[in-house]
Amino acid sequence: MTTFDRLTALLNEQQARYRVMEHPAMGKCEDVAALRGTELGQGAKALVCHVKGNGIRQHVLAVLPADRQADLSRLALALGGLRASLASPAEVDKLTGCVFGAIPPFSFHPDLLLVADPSLLARYQELAFNAGLLEKSIVLNTEDYQRIAAPTCLHFLRG
């Protein structure tokens, strides 16, 4: 089962309010937001990170608004670690089954902790994200995202 199939099955099972959009694969958040007809800040950017130090070794799926940047040091400290880095392409594939840029803001792997910056949940009624494939997006009600994904909320934005 693909990540897209798992995601849509979960959203259907949980009676989420969402829609699927197909579009050409795009490399930049700004470009895909324009294709979706959404604002850049509605985009849920998902980064696979590795937090280490203080006895912590944790893979994290850090989700933030697409118009903001993550502060990986702040993320590490919020989780009790000393440093954080982006995961390698091999780790991303193992933990998500997706390529960079196509990772949805949901964790389907037991070793991948899902965290979201609170600003992601407070700004818009709907979130938009690539749904496991670069050419498919989902626009999902924000309350449904929070209820279904249940991310741990941590402040880790830059600035």
Side-chain angles (χ1 to χ4, degrees), residues 1-50 59-75 78-79 84-87 89 91-93 95-109 112-159:
M1 188 177 245
T2 67
T3 300
F4 176 79
D5 293 334
R6 290 180 78 177
L7 182 57
T8 54
L10 174 64
L11 295 178
N12 288 333
E13 174 188 300
Q14 295 295 319
Q15 300 179 347
R17 294 161 285 181
Y18 77 99
R19 62 189 180 278
V20 175
M21 303 176 78
E22 293 191 25
H23 51 75
M26 302 300 279
K28 296 178 92 179
C29 295
E30 295 86 355
D31 296 336
V32 76
L35 285 174
R36 292 178 187 139
T38 58
E39 293 188 35
L40 182 58
Q42 284 181 267
K45 180 167 52 174
L47 304 174
V48 180
C49 304
H50 196 182
H59 281 101
V60 177
L61 183 63
V63 185
L64 63 153
D67 63 349
R68 301 294 306 273
Q69 296 209 348
D71 181 333
L72 296 184
S73 296
R74 194 170 182 189
L75 176 65
L79 290 167
S85 59
L86 293 176
E91 289 173 309
V92 170
D93 182 55
L95 294 166
T96 70
C98 302
V99 297
F100 281 111
I103 303 164
F106 288 81
S107 176
F108 294 109
H109 195 287
L112 187 60
L113 175 67
L114 177 62
V115 302
D117 189 88
S119 65
L120 178 76
L121 308 173
R123 295 169 62 194
Y124 296 95
Q125 289 184 343
E126 292 182 318
L127 299 175
F129 51 89
N130 282 347
L133 301 164
L134 290 172
E135 59 278 347
K136 286 193 181 184
S137 290
I138 287 180
V139 179
L140 171 64
N141 177 276
T142 303
E143 290 176 354
D144 288 344
Y145 170 72
Q146 190 167 9
R147 173 178 57 85
I148 297 165
T152 299
C153 289
L154 299 173
H155 294 276
F156 62 89
L157 296 183
R158 198 176 280 173

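In this text, all values refer to a predicted model and were calculated from it rather than measured experimentally. The first residue in the sequence is number 1, and the count goes up from there.
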Minimal non-hydrogen separation, [X] against [Y], with atom names:
X    : Y    : value
K45  : C29  : CD-SG, 4.5 Å
P105 : Y145 : O-OH, 2.8 Å
C49  : A62  : SG-CB, 4.4 Å
D5   : T8   : O-OG1, 3.3 Å
F156 : A116 : CE2-C, 3.7 Å
P104 : L61  : O-CD2, 3.6 Å

Working to the nearest 0.5 Å, report the span between [atom1] of [X] and [atom2] of [Y].
X    : Y    : atom1 : atom2 : value
L7   : M1   : CG    : CE    : 11.0 Å
I138 : L133 : CD1   : CG    : 9.5 Å
L86  : L72  : CG    : CG    : 5.5 Å
R36  : N130 : CZ    : CG    : 5.0 Å
M26  : L134 : CE    : CG    : 11.0 Å
L113 : H59  : CG    : NE2   : 11.5 Å

_According to side-chain contact (heavy atoms from CB on, under 4.5 Å), who are the partners of P89, at least two apart in sequence or on a separate chain?_
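F100.
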
Between [X] and [Y] (side chain of the first, backbone of the second, donor and acceptor by atom type, cut-off under 3.5 Å), is there such a pair?
X    : Y    : value
S107 : L112 : yes
T3   : T96  : yes
Y124 : T38  : no

*In chain order, what residues pass the ring-ring contact (aromatic ring centres under 6.0 Å, His included) check against F129, with sequence neighbours excluded?*
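F129: no ring-ring contact (aromatic ring centres under 6.0 Å, His included) contacts found.
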
*With sequence neighbours left out, which residue pairs that include part of residues 61-71 fulfil the side-chain hydrogen bond (donor to acceptor under 3.5 Å, both in side chains) condition?*
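Pairs touching residues 61-71 that pass the test: D67-R123, Q69-R158.
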
*In a check of side-chain contact (heavy atoms from CB on, under 4.5 Å) between I103 and each of L47, V63, V92, which one passes?*
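Single side-chain contact (heavy atoms from CB on, under 4.5 Å) partner of I103 among L47, V63, V92: V92.
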
*Within 6.0 Å of NE2 in H109, more than 12 heavy atoms from elsewhere*: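 Yes, NE2 of H109 has more than 12 neighbouring heavy atoms, counting only those of other groups under 6.0 Å.
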
*asked:* Quick check on E143: does its CD atom have over 12 non-hydrogen neighbours (other residues, nucleotides or ligands) under 6.0 Å away?
replied: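 Counting neighbours around CD of E143, 12 or fewer heavy atoms of other residues, nucleotides or ligands fall under 6.0 Å, so no.
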
*Sequence neighbours excluded, which residues qualify as side-chain hydrogen bond (donor to acceptor under 3.5 Å, both in side chains) partners of E126?*
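side-chain hydrogen bond (donor to acceptor under 3.5 Å, both in side chains) list for E126, sorted by chain: R19.
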
*Any residue meeting side-chain hydrogen bond (donor to acceptor under 3.5 Å, both in side chains) with Q146, in chain and number order, not counting sequence neighbours*: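 By the side-chain hydrogen bond (donor to acceptor under 3.5 Å, both in side chains) rule, Q146 matches no residue at all.
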
*Of all pairs that satisfy ring-ring contact (aromatic ring centres under 6.0 Å, His included), the ones with a partner from residues 2-31, not counting sequence neighbours*: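 Matches after skipping sequence neighbours: none remain.
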
*For residues M21 and V139, determine if any side-chain heavy atom of one lies less than 4.5 Å from a side-chain heavy atom of the other.*
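Yes - at least one pair of side-chain heavy atoms lies under 4.5 Å apart.
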
